[in-house]
Amino acid sequence: MPRPDAHPGEYAERVLDLVERIPPGRVMSYGDIAEYLGEGGPRQVGAVMSAWGDGVPWWRVLRSDGTPPSGHEVRARRHYAAEATPMRAATGRVDMRRARWAGPDSD
DNA sequence: GCAATGACTGGTA
DNA sequence: TTACCAGCCATTG
């Protein structure tokens, strides 16, 4: 993973730019972002978010099954409630079928 | 150079 | 539904 004190590389810049474009109430999985950018993988996107995600709406990036980033579940759930993000009552996780955002092209 | 690590995924049980 | 597992790939020490 990149060092938190280092300047973000070009790849990190692209990840963060895309995350900032995710509309309120919508989400993307790590894999979705990697696929949209066309390089790296889910683990790399996760590494970028872990190091520099604090400056962007990080709670709109989560695992493909709808579970929020490990270690940030509580804070993430507060944001979902505030943004009316589609949730599944049974599991308390985000409903990916309805909340998933396809990217800037789908606006 | 190499083994360990991690904000991952999809499949199987 | 949860649990476990092999595959994944850049970064770290």
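What's counted below: heavy atoms across the whole structure, side chains too, no hydrogens, waters or symmetry copies. On a predicted model such as this, the values are computed, not experimentally measured, just so you know. The chains referred to below are lettered A, B, ... by the order of the sequence lines, with proteins before strands, and numbering in each begins at 1.
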* Base, sugar-phosphate, or nothing: which does A:P42 touch, judged by heavy atoms less than 4.0 Å apart? -> sugar-phosphate
* Structure fact -> d(A:I33 CD1, A:M49 CE) to nearest 0.5 Å is 6.5 Å
* To do: Report which part of the nucleic acid A:G31 touches: base, sugar-phosphate, or nothing (heavy-atom distance under 4.0 Å, all strands).
  => sugar-phosphate
* To do: Among A:L62, A:V61, A:L18, find the residue that satisfies the side chain to side chain contact (heavy atoms under 4.5 Å, CB included) test when tested with A:M28.
  => A:L18
* To do: Specify the residues of residues 79-95 of chain A, ordered by number, for which at least one heavy atom lies under 4.0 angstrom from an atom of DNA chain C.
  => A:R88, A:T91, A:R93
* Structure fact -> Of all heavy-atom pairs linking A:P42 and A:A34, the shortest is N-CB, 4.0 Å
* Grab the OH-P distance between A:Y11 and C:dA10 for me, whole Å please. => 9 Å
* Asked: Hey, which of these two, A:D32 or A:Q44, hits DNA chain B nearer its 5' end, going by closest nucleotide?
  -> A:Q44
* Asked: Is A:R26 salt-bridged to A:E83, cutoff N-O under 4.0 Å?
  -> no
* Length of the CE-C1' vector between A:M28 and B:dC8, whole Å -> 15 Å
* Kindly say if A:S29 contacts the phosphate of B:dC8, meaning a side-chain N or O under 4.0 Å from OP1 or OP2. => no
* Looking at residues at least two apart in the chain, or sitting in another chain, which of them share a salt bridge (Lys or Arg N to Asp or Glu O under 4.0 Å) with A:R77? -> none
* Evaluate the side-chain proximity of A:R93 to A:Y80: yes if any heavy-atom separation is below 4.5 Å, no if none is. => no
* C1' gap between C:dG13 and B:dG1, integer Å -> 12 Å
* Look at the side chain of A:R43 and the base of B:dC8, then say whether one donor and one acceptor between them are separated by less than 3.5 Å. => yes
* Asked: Rounded to the Å, how far apart are A:Y36 OH and B:dC8 P?
  -> 23 Å
* **Interatomic distance where CD1 belongs to A:I33 and P belongs to B:dA7 [whole Å]** => 15 Å
* Asked: How about A:V19 and A:W58: do any of their side-chain heavy atoms sit closer than 4.5 Å?
  -> no
* Quickly work out the A:R63 CZ to B:dA7 P distance and round it to whole Å. => 11 Å
* How far, in whole Å, is C:dC8 from B:dG6 if one measures between their C1' atoms? -> 12 Å
* N or O in side chain of A:S64 less than 4.0 angstrom from B:dC8 OP1/OP2 -> no
* Taking atom P of C:dT2 as reference, at what distance in whole Å does atom CG of A:D65 sit? -> 9 Å
* Asked: What's the OH-C1' distance between A:Y30 and C:dC8, to the nearest Å?
  -> 16 Å
* To do: Kindly say if A:S70 contacts the phosphate of B:dG6, meaning a side-chain N or O under 4.0 Å from OP1 or OP2.
  => no
* Could you tell me the separation between the CE atom of A:M96 and the C1' atom of B:dC8, rounded to a whole number of Å? => 12 Å
